[in-house]
K.L.:
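So that we are looking at the same thing, I have put the structure below in structure tokens.
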Amino acid sequence: MIRRGGIGLLVAFLVLVAVGAFSDPLGLPSFYLILLGSICFWIAQATSWNILSGYSGYFSFGQAAYVGVGAYTTAVLSGRHGVNFFLTVPLAAVLCGLLALGVGAVAFRLGSLRGEIFALLTLAVPFILAAFARINQSIDGGQGTTVPVPEVPDAFGSLPELQYLLALLIAAIAVAAAYAIQHSRTGSALAAIRDAEDVAEVLGVATFRYKMLAMLISGVLGGVAGSVYALQIGFVTVESVFGLTIPLFVIVMGVLGGRTHWLGPVIGAVLIVTLQDRLSSYGLDAWNSIILGGVLALLVAVSPDGLYARLRARPLVSLGSLVVVGGGLAVLNVWGEFLDWLVVGMLVAALLAIVLGSRWATARLPLGRRARTTAEPVPAEPAIAEPAIADPEPAEAEAGTPGDEPGAVLVECRQVARYFGGVHALEDVTLDIRAGELVGLVGPNGSGKTTLINLLSGAFRPTRGVIRLDGQDITRMAPHKIAHVGMARTYQIPRPFDSMTVRDNVAMAIMFGREPLPLHRARPIAERHLATVALDHLADAHPADLNLHQRQLLEMARAIASSPKVLLLDEALAGLNPAEVDNAVRVVRRIHESGITIVIVEHLLRVLNQLATRLVVLDRGTCLADGEPQTVLNDPAVIRAYLGRQAHV
Ligand SMILES: Nc1ncnc2c1ncn2[C@@H]1O[C@H](COP(=O)(O)OP(=O)(O)OP(=O)(O)O)[C@@H](O)[C@H]1O
């Protein structure tokens with residue numbers, strides 16, 4: 001199915017091709033083609049940056065590396081070795097792809113770098129490459145290289161036309177790629193990585209693979225655009241392609257326009273390049289950075305989600321103000337020319353959309369359709385809908401694993417130990433969990449319960465020992481593979497994907513679970529899982545709109561949606577009031593009855609008395625007791641070590 005955005009993209013591309021192809025008959029000054037070519041270059045670069053940094057949240061300062069390698073590949077090969085320009089473009093793509101994979105392998109495999117450390121690593125790459133270009137005479141020794149004018153094919157008419165159409169083509173490819181990724185499984189994976197990477201991995205997302213894919217696409221697009229840029233500027237120097245301007249501009253454009261949508265960098269690039277051009281035309285180059293920085297600071301402060309979200313929430317107001325202000329200035333013709341009117345119109349439209357979308361305005365003005373902000377309450381039924389726990393329907397992605405023989409060993413821990421430096425969090429834990437059990441895992445604070453959950457789900461690896469799930473050795477398996485074998489978990493402090501709706505949080509688990517489905521098929525099944533935990537009435541809400549109990553229930557719905565054999569619940573009832581605890585107990589029991597084996601870490605003994613078929617007590621990292629709940633609770637060793645008088649509840 002072709003979406004509206006895709007059709008709009010195609011129409012815009014064809015119109016812009018026509019503008020280039022008929023620029024002479026249209027009498028379009030060549031200045032406009034150059035400006036459009038520049039906008040296209042920045043759209044391609046900002047979009048390339050956004051596919052990695054916006055979609056996955058890995059903030060890169062290294063975009064100049066791709067621009068530089070792409071531009072120098074073309075400049076050196078065509079300028080010094082006479083290689084046809086059109087052959088240098090794919091070579092630039094290959095080199096930049098390899099560079100991106102190399103940086104990705106170092107960052108993601110060797111170091112698992114994130115945040116500012118990842119940003120610093122990416123910042124170092126263009127510095128190294130720039131220094132290499134300066135000292136290496138076979139590149140240009142820092143002197144700069146002229147890019148010869150290639151033979152312009154007849155169809156293109158003139159060089160400016162060729163430059164513009166090439167820049168347009170790479171911008172269109174970049175935007176189409178960003179569009180396709182955003183609407184694909186890869187886009188969902190990258191969004192989950194951005195929101196909570198380790199949770200995504202535990203849900204079955206092969207995070208390393210998706211990050212490398214984003215790196216590769218970003219690098220190839222950046223390199224090809226750099227190669228075309230070399231032809232645009234005609235003379236490539238280290239400063240012009242490896243400088244800090246490139247990463248700063250793409251970041252400004254991406255953040256300003258909006259990082260989570262394919263259109264964000266396009267909006268940012270159009271606004272910034274035209275604004276910059278106008279400032280230059282009025283001799284305000286010196287003010288360029290000050291004004292751009294000021295506009296960015298203001299817009300980011302009042303609209304951190306970027307302009308796209310605000311414009312989309314107010315399409316008519318935005319378009320109307322652009323037409324009225326821009327058109328009004330044109331009709332009055334008291335000042336400036338077309339581009340001035342356009343820029344003023346765009347700025348007014350942007351500011352209006354931001355002001356109208358602000359909390360202040362939405363609270364005070366009767367504005368009709370409002371932008372959704374996380375501060376707005378979602379109309380919600382009471383959190384505890386007592387009898388509303390729906391029957392889990394057998395579906396394509398089943399909630400249980402009825403095929404597992406009741407009583408068969410599902411999880412085997414053999415002499416498992418985990419040390420953190422000198423802290424022996426777990427020591428020689430040997431444990432079997434059988435299909436159909438609901439095992440309560442208890443013990444004093446620091447006894448190793450969460451560590452055991454982390455080992456079973458693959459978040460940590462044991463220092464020693466073996467763990468098997470359904471007969472498969474998962475001791476050193478990646479968490480997403482363990483999820484595919486059949487392990488799911490929840491977190492003591494809920495860790496939802498904040499940018500997704502409640503429904504899509506659950507759908508993610510189905511998309512990347514044991515029986516993967518595309519998003520449109522996962523969504524209806526997600527709603528059934530939400531009904532299982534009585535949260536279906538909040539399917540369209542965002543996690544920020546939920547209370548703690550609802551967020552805990554969302555964790556459970558998401559975990560069962562991955563069709564696990566074993567569900568690990570880490571203090572899923574912590575912080576709840578008594579009524580909420582009772583509701584959560586019913587939900588857990590319901591999940592258990594659907595055929596899922598459960599291990600629950602819990603401090604509330606009355607809950608475990610109601611729920612557990614068996615209790616395992618940890619004390620200082622070792623297994624102190626294991627058996628039927630009443631027997632364990634009355635074990636003198638357990639009472640001494642942990643339970644005290646409470647054991648007699
Ligand atoms: N990532 C870590 N780095 C260092 N030490 C850790 C780490 N995780 C756990 N520990 C230590 O391992 C021991 C067991 O911690 P763990 O969180 O597993 O206990 P717990 O039984 O879950 O406690 P609680 O009931 O308070 O959650 C503690 O001494 C803790 O400080």
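Whatever order the structure lists ligands and atoms in, that order sets their numbers, starting from 1.
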K.L.:
Hey, could you give me the CE/CZ distance between Met556 and Arg489, rounded to the nearest 0.5 Å?
P.N.:
13.5 Å
K.L.:
Between Gln63 and Ser48, do the side chains contain an N or O donor and an N or O acceptor separated by less than 3.5 Å?
P.N.:
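Side chains of Gln63 and Ser48: pair found under 3.5 Å.
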K.L.:
Show the distances, to 0.1 Å, for all pairs joining an N/O atom of ligand 1 and a protein N/O atom that are shorter than 3.5 Å, listing one pair per line.
P.N.:
unit_1: ligand 1; atom_1: 18 (O); unit_2: Thr451; atom_2: N; d: 2.9
unit_1: ligand 1; atom_1: 18 (O); unit_2: Thr451; atom_2: OG1; d: 2.5
unit_1: ligand 1; atom_1: 19 (O); unit_2: Gly448; atom_2: N; d: 3.3
unit_1: ligand 1; atom_1: 21 (O); unit_2: Ser447; atom_2: N; d: 3.1
unit_1: ligand 1; atom_1: 21 (O); unit_2: Ser447; atom_2: OG; d: 3.3
unit_1: ligand 1; atom_1: 21 (O); unit_2: Gly448; atom_2: N; d: 3.0
unit_1: ligand 1; atom_1: 21 (O); unit_2: Lys449; atom_2: N; d: 3.0
unit_1: ligand 1; atom_1: 21 (O); unit_2: Lys449; atom_2: NZ; d: 2.8
unit_1: ligand 1; atom_1: 22 (O); unit_2: Thr450; atom_2: N; d: 2.8
unit_1: ligand 1; atom_1: 22 (O); unit_2: Thr450; atom_2: OG1; d: 2.9
unit_1: ligand 1; atom_1: 23 (O); unit_2: Gly446; atom_2: N; d: 2.9
unit_1: ligand 1; atom_1: 25 (O); unit_2: Asn445; atom_2: ND2; d: 3.4
unit_1: ligand 1; atom_1: 25 (O); unit_2: Lys449; atom_2: NZ; d: 2.8
unit_1: ligand 1; atom_1: 25 (O); unit_2: His603; atom_2: NE2; d: 3.3
unit_1: ligand 1; atom_1: 26 (O); unit_2: Asn445; atom_2: ND2; d: 2.9

K.L.:
Could you check Arg414, Arg418, Arg464 and say which one makes a salt bridge (charged side-chain N to carboxylate O under 4.0 Å, His left out) with Asp428?
P.N.:
Arg464
K.L.:
Just checking Phe59 against Trp49, ring centres under 6.0 Å apart?
P.N.:
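When the ring centroids of Phe59 and Trp49 are compared, they turn out to be within the sub-6.0 Å range.
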K.L.:
Any sub-3.5 Å donor-acceptor pair from Thr597's side-chain atoms to Gly436's backbone N or O?
P.N.:
yes
K.L.:
Would you say the side-chain atoms of Arg194 pair up with the backbone N or O of Tyr55, donor to acceptor, closer than 3.5 Å?
P.N.:
yes
